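Just so it is clear, the structure is predicted and the values come from calculations on it, not from any experiment.
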Amino acid sequence: MANVVTEGAQARGTRTLRAEGALRAIAVDEESPDRVRRVLEQALVFAGAAFAAVYAPSQDGELLCLMESAGVPRTLYGLRDSYPRAGRSPVAEAHRGGRPVSLDPAELAEHAQARRVASGDFHLTVLPVQGDGGGCLLAVSERPDGFDTDDLACLALVSEAVAFRDPAVATEGGELQPGGFSLAMDTGRVRVGDDLLGLFGLDPEEFDGRVETLLGLTVPEDLPSLMSVVEADHMSIGDRELEFRVLQPTGPPKWLRLRGRLLPGGEGHPARLVGTVADASTLRSEVTDVARVQRLATALATAVTVRDVGKAVVAALRRPLRADRIALAELEGDRLVVTVLDPPEPEAWPEVWRSEWRTEWPDAPVRAMPTLAAALREGRARIWPAGSPLERALAEVGPGGLAVLPLPAGNRMAGACLIGWDAPHDFGSDERALLTACAGLAGQALMRARAFDAEHELVGMLQRQLLPRRLPRLPGGVAVARYLPSTAGLELGGDWYDVIPLPDHHVALVIGDVQGHSAGAATLMGQMRTALRAYAVEGHPPDVVVAHANRLLMDMESDLFATCCYVDIDLEEGSAWCVRAGHLPPVLRYPDGTTEIAEFEGGPPLGVITQTDFPMSPLRLPPGTVLALATDGLVETPDSDIDEGMGRLAAQLADGAPDDLGLLADALLGNAPRSDDVALLLLRYDGMALRPLRESWTVWRVPQAVGHARRFARRTLRSWGVTEDVDAVLLVVSELVTNALVHTDGRVRMDLTLINNRLRVAVADASPRSPVRPTSIGWEATGGRGVLLVEALSATWGTLPVSGGKQVWADLVLGR
């Protein structure tokens with residue numbers, strides 16, 4: 001046991017020594033603008049803190065203001081950006097008392113100044129900071145036991161090393177250092193020295209003190225990056241650094257470097273941006289990066305989707321930077337989702353990435369990677385040379401050097417771009433400027449593309465909801481369909497298709513297109529699809545179905561019209577009847593590979609003429625024939641007419657393999673122009689291996705009608721060789737025919753159909769009312785048991801609307 005304790009103490013001591021070494025390495029670079037943040041990150045690494053921040057007194061000494069932070073967003077813990085110095089907050093108490101203050105979850109809940117914290121259990125520790133002006137180090141732990149002794153020792157080291165100092169600029173009314181400025185964020189008034197005005201080419205006597213005057217002299221392409229700094233809504237507390245160009249009277253623009261820090265003003269005092277501007281022209285090679293940025297801006301202007309944006313960024317950065325790999329990821333909530341990887345091979349990326357390849361970022365959420373989270377929070381490009389201590393998921397991306405490029409868009413972060421090198425890479429100042437310039441462009445383009453993708457997906461989802469979710473399985477045939485929404489806009493289209501199973505092994509194929517692209521066109525499309533299906537199921541012939549749909553559209557008084565092609569196929573015989581209403585003709589591919597465009601007479605589009613004819617034309621489908629129906633979006637382009645497109649479709653259909661209709665449909669859509677919606681419907685007729693036996697009987701309304709129907713059924717079954725369950729069949733025939741004769745008027749017809757050992761008895765009458773199954777029947781009742789007998793004797797039964805009435809059917813499995 002003693003050995004275990006000794007080993008644990010040695011481990012804790014080792015952790016403290018490592019923290020001291022890391023802090024000493026950071027202290028060497030005292031002039032680094034991100035020194036304080038890097039020191040705070042050590043609290044996350046060595047003390048296990050989820051959040052660390054440093055507070056310093058404001059100019060008037062009345063507030064303790066947040067100057068820098070690291071880790072997850074402070075809003076998760078309800079922490080403020082400033083606390084009254086004389087108040088009772090943990091920050092103020094630690095600052096006044098000069099001693100650490102620690103609160104557990106219960107104490108936090110009771111503390112008067114901590115009631116605004118978010119829900120959840122966490123521990124809070126505040127340590128005083130000794131240095132210029134003093135201050136406090138605040139740390140948060142989400143572990144159940146909070147910070148242990150060794151954690152507190154590491155936090156003490158961090159508080160000694162942070163020694164926060166104000167930027168080397170004067171307060172209001174004081175002297176500015178060379179190249180220094182002080183910008184009031186509420187008014188836009190800026191104090192600058194004569195040397196800084198000289199960098200902009202301005203005469204001190206003519207400068208009006210407005211920041212807009214300085215911004216007006218910058219190159220327009222660099223203005224978005226500058227605006228993200230000088231606008232209060234876009235600026236986060238902490239250091240910012242970027243390079244930009246100012247126009248010169250002659251010659252190329254001059255490169256300048258801005259380093260600044262946003263200082264909160266506290267209650268009643270405006271926030272100020274203070275910093276320096278220096279000449280960066282001597283640190284840059286040539287201004288060839290300007291052309292690269294301009295090319296990227298041109299490519300992003302035409303990038304529509306998120307993937308297009310990623311490809312443009314890769315093309316603009318990988319070769320100029322001689323990078324080995326680039327990854328672009330979108331920020332969705334607190335998680336990064338990989339969008340583009342270059343190179344695309346999984347072997348080119350770290351092993352830890354492959355478990356969630358091309359989906360979410362490894363070790364998501366972002367808060368699990370403090371380095372990446374800090375870069376996204378600050379919103380500026382970060383570069384780590386070879387050997388930098390990074391999380392494994394990041395370090396293996398660039399063993400020789402890594403650049404993280406946050407992609408800002410307005411007041412939010414759109415995503416991140418990771419650029420990695422395998423060999424040690426020497427980062428030049430021109431590369432940082434190139435990354436900064438590209439980041440603003442890519443971020444805005446990414447947000448725009450994300451909005452387009454989201455809206456386009458919504459349009460596609462709405463469109464798909466109006467189309468069949470799945471196609472039915474057909475006896476003797478296979479049908480597939482494809483629909484592609486247009487990429488030219490975001491409005492709903494009017495293309496539709498449908499496959500409607502009909503009695504007696506018939507099937508109706510329908511394809512159509514409503515005029516225009518709008519919500520009205522999509523709504524009308526849904527109405528026409530529903531109407532055609534209803535008329536077809538009623539049993540009308542194809543020409544009547546289309547004529548009814550035309551009359552319905554005319555009665556709706558719509559300003560739109562629709563085209564339609566309706567094909568009724570008899571899967572038993574391999575024959576079909578086709579009706580066209582202003583639509584493209586079907587294309588047939590026969591078993592020998594030859595194709596035919598079925599040109600025949602058609603009618604006008606639906607909704608144009610009230611009284612018109614829609615001729616029916618016969619088609620013959622030998623087994624193995626493929627029938628193709630398409631909308632004009634597949635065959636019509638601005639460079640060619642429909643006839644040429646139909647010829648190409650027929651040629652592609654002849655070259656395709658009909659064995660897999662899905663692959664054939666994808667091949668036909670491979671070169672679709674996508675300037676319009678595209679709908680494609682294919683059916684391969686294979687023929688039925690076993691054709692059913694059918695007989696019909698017209699039931700006359702005579703006293704012996706039921707007996708005649710029974711004798712017809714018995715003779716038919718005998719001729720078919722059926723000897724089992726004959727009595728059950730005859731009882732079902734009696735009940736169905738009796739119900740039709742007693743409860744309806746007009747003609748009654750009985751149909752018998754046998755396929756394999758399944759017999760269907762169907763009785764059609766002129767009444768649309770379906771029989772109702774009684775819930776209960778008393779012993780004294782004289783009727784109502786017929787439906788119960790049919791239900792008991794049959795495997796399934798139901799009703800089907802037919803033209804002018806209904807059909808009641810029952811299926812019996814013989815010899816069950």
Side-chain angles (χ1 to χ4, degrees), residues 500-506 508 533-545 548 568 570 572-573 691-720 722 725-755 758-774 777 781-814:
I500 310 170
L502 299 175
D504 300 334
H505 295 138
H506 280 240
R533 173 173 280 265
Y535 295 140
V537 171
E538 284 185 350
H540 299 293
D543 56 343
V544 176
V545 170
H548 282 359
D568 185 325
D570 185 345
E572 296 180 13
E573 302 293 338
R691 297 178 59 180
L693 302 174
R694 300 182 186 277
E695 290 291 345
S696 297
W697 174 263
T698 300
V699 181
W700 297 97
R701 292 184 176 273
V702 296
Q704 298 83 19
V706 176
H708 294 329
R710 288 169 60 88
R711 283 194 293 272
F712 166 77
R714 184 181 292 110
R715 290 196 303 270
T716 301
L717 294 177
R718 187 183 304 118
S719 66
W720 289 344
V722 176
D725 300 321
V726 174
D727 292 338
V729 173
L730 297 180
L731 182 53
V732 170
V733 169
S734 298
E735 294 299 333
L736 293 182
V737 172
T738 300
N739 284 340
L741 294 175
V742 172
H743 300 290
T744 68
D745 296 324
R747 180 181 175 184
V748 176
R749 189 187 78 252
M750 181 178 67
D751 299 297
L752 300 178
T753 305
L754 177 65
I755 181 169
R758 196 175 188 93
L759 175 71
R760 168 165 291 196
V761 180
V763 176
D765 56 59
S767 172
R769 296 184 57 185
S770 299
V772 179
R773 181 184 182 277
I777 300 179
T782 59
R785 295 182 177 86
V787 173
L788 296 179
L789 288 173
V790 172
E791 183 179 59
L793 294 173
S794 60
T796 180
W797 73 281
T799 61
L800 185 70
V802 295
S803 179
K806 69 175 181 301
Q807 183 188 75
V808 183
W809 56 268
D811 286 351
L812 293 88
V813 179
L814 304 179

Inset, instruction - Return each pair, listed once, that meets salt bridge (charged side-chain N to carboxylate O under 4.0 Å, His left out) where at least one residue sits in residues 692-701; pairs must be two or more places apart or across chains. - result: Asp504-Arg694, Glu572-Arg694
Legend entry - Nearest heavy-atom neighbours spanning Val726 and Val722: CG2-O, 3.9 Å
Inset, instruction - Could you note down all residue pairs passing salt bridge (charged side-chain N to carboxylate O under 4.0 Å, His left out) where residues 735-750 supplies at least one of them, sequence neighbours left out? - result: Arg749-Asp751
Inset, instruction - List for me each residue that meets side chain to side chain donor-acceptor pair (under 3.5 Å) alongside Thr799, sequence neighbours excluded, and say none if there are none. - result: Ser770
Legend entry - Residue pair Pro692 / Thr753: nearest heavy atoms and the distance that separates them: CB-CG2, 3.9 Å
Inset, instruction - If a pair satisfies salt bridge (charged side-chain N to carboxylate O under 4.0 Å, His left out) and one of its residues is in residues 791-805, list it, with sequence neighbours excluded. - result: Arg773-Glu791
Inset, instruction - For Ala705, check side chain to side chain contact (heavy atoms under 4.5 Å, CB included) against everything at least two apart and list the hits. - result: Val699, Val702, Leu741
Legend entry - Side chain proximity check, Val761 to Leu752, heavy atoms < 4.5 angstrom: yes
Legend entry - CD1-NE2 distance between Ile500 and His506, expressed to the nearest 0.5 angstrom: 14.0 Å
Legend entry - Minimal non-hydrogen separation, Asp568 against Pro542, with atom names: CB-CG, 3.6 Å
Inset, instruction - Evaluate the criterion side chain to side chain contact (heavy atoms under 4.5 Å, CB included) for residue pair Val790 and Asn739; output intermediate values, then yes/no. - result: CA-CA 11 Å; Val790 172; Asn739 284 340; 5.8 Å; no
Inset, instruction - Using the test side chain to side chain contact (heavy atoms under 4.5 Å, CB included), find all partners of Pro503 that sit at least two apart in sequence or belong to another chain. - result: Leu800
Inset, instruction - Go through the steps to decide whether Leu759 and Leu717 satisfy the test side chain to side chain contact (heavy atoms under 4.5 Å, CB included), and finish with yes or no. - result: CA-CA 10 Å; Leu759 175 71; Leu717 294 177; 4.0 Å; yes
Legend entry - Shortest non-hydrogen contact between Ala713 and Val733, atoms and distance: CB-CG2, 4.1 Å
Legend entry - All ring pair (Phe, Tyr, Trp, His ring centres under 6.0 Å) counterparts of His540, not counting sequence neighbours: His548
Inset, instruction - Quick one: list whatever passes salt bridge (charged side-chain N to carboxylate O under 4.0 Å, His left out) with Arg710, sequence neighbours left out. - result: none
Inset, instruction - Could you pull out the closest heavy-atom pair between Val763 and Ala740, with the gap in Å? - result: CG1-CB, 3.9 Å
Legend entry - Beyond-backbone contact of Ser767 with His743, side-chain heavy atoms, under 4.5 angstrom: no
Inset, instruction - Would you indicate whether the side-chain heavy atoms of Asp725 and Leu812 approach each other to under 4.5 Å? - result: no
Legend entry - Atom pair CZ (Arg760) and CG (Leu754), whose distance is rounded to the nearest 0.5 Å: 12.5 Å
Inset, instruction - Under the ring pair (Phe, Tyr, Trp, His ring centres under 6.0 Å) rule, collect the residues that match up with Trp697, sequence neighbours excluded. - result: Phe712
Legend entry - Partners passing salt bridge (charged side-chain N to carboxylate O under 4.0 Å, His left out) against Asp765 (at least two apart in sequence or in another chain): Lys806
Legend entry - Residue pairs, two or more places apart or on separate chains, that pass side-chain hydrogen bond (donor to acceptor under 3.5 Å, both in side chains) and touch residues 711-720: His708-Arg711
Inset, instruction - To the nearest 0.5 angstrom, please state how far the CG atom of Leu793 sits from the CG atom of Asp811. - result: 13.0 Å
